[in-house]
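Here the structure comes first, spelled out in structure tokens, and everything after it is commentary.
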Amino acid sequence: MGTKIMGTKGAPLGFHQITRHDGILKERVHDAYKAKGKLPEPTVCPQCGAVFHEGRWQWRQVPDNAHRETCPACHRIHDHYPAGFLTLHGPFFLAHRDEIMHLVHNEEKRERDEHPLKRIMAVEEEDETTLVTTTDIHLARRIGEAIHHAYQGNLDFHYNPEENLLRVNWVH
Ligand SMILES: [Zn+2]
């Protein structure tokens, strides 16, 4: 089943539409929250307890004498500056909202257990639309794809390369 692509009309400033398999999401892009130079190892995030070890943030026992520095995910949460924006709407969504949000949280948990930097920041319900914000663009994409896989509907992506922000829109 293909994904119906909606028009780019109305895309937020700085964003352009990309396809689901666009290589841009795999490129290494500048991300202010990740470009902080090399951290000493081990480093522990005092907010969430994630440990920077062997070049990446992991959930593990906090070593003695670890350096302390806030991880990029907690930094974004503190700044209220999400990387991913997933918008869910439409009559099917409204009729199945609880079930679909359950899937959203399950996907997040699965990702977060492996990758401490992939987290949901907030779930905001506004009129008939639910907005899920994430600390990582790939998490927003993954949740959108999981919903689309389970329920079909229309899924599209808009990417802002300057800021490394991704908007994912699902309507059904
Ligand atoms: Zn943290």
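In each ligand, atom 1 is the first atom listed, and ligand 1 is the first ligand listed. In what follows, residues are counted from 1 in the order of the sequence shown.
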Option passing side chain to side chain contact (heavy atoms under 4.5 Å, CB included) with Ile137 (candidates Leu165, Asn160, Leu166, Val168) | Leu166
Side-chain donor-acceptor pairs under 3.5 Å in residues 81-93, sequence neighbours left out?
unit_1: Tyr81; atom_1: OH; unit_2: Glu163; atom_2: OE1; d: 2.7
unit_1: His89; atom_1: NE2; unit_2: Asn169; atom_2: OD1; d: 3.0

With Arg110 as reference, evaluate Arg112, Glu107, Glu114, Glu108 under the side chain to side chain contact (heavy atoms under 4.5 Å, CB included) test and give the passing residue.
-> Glu107
Side chain to side chain donor-acceptor pair (under 3.5 Å): pairs with one or both residues in residues 119-137, sequence neighbours excluded | Arg97-Thr130
Distance below 2.8 Å from the Zn ion (ligand 1): protein N/O/S atoms = Cys45 SG, Cys48 SG, Cys71 SG, Cys74 SG
List in chain and number order the residues that pass side chain to side chain contact (heavy atoms under 4.5 Å, CB included) with His67, two or more places apart in sequence or in another chain; answer none if no residue qualifies.
-> Pro40, Thr43
Applying the 4.5 Å side-chain criterion to the ILVMFWY set and letting contacts propagate, would Trp57 and Met121 be lumped into a single cluster?
-> no
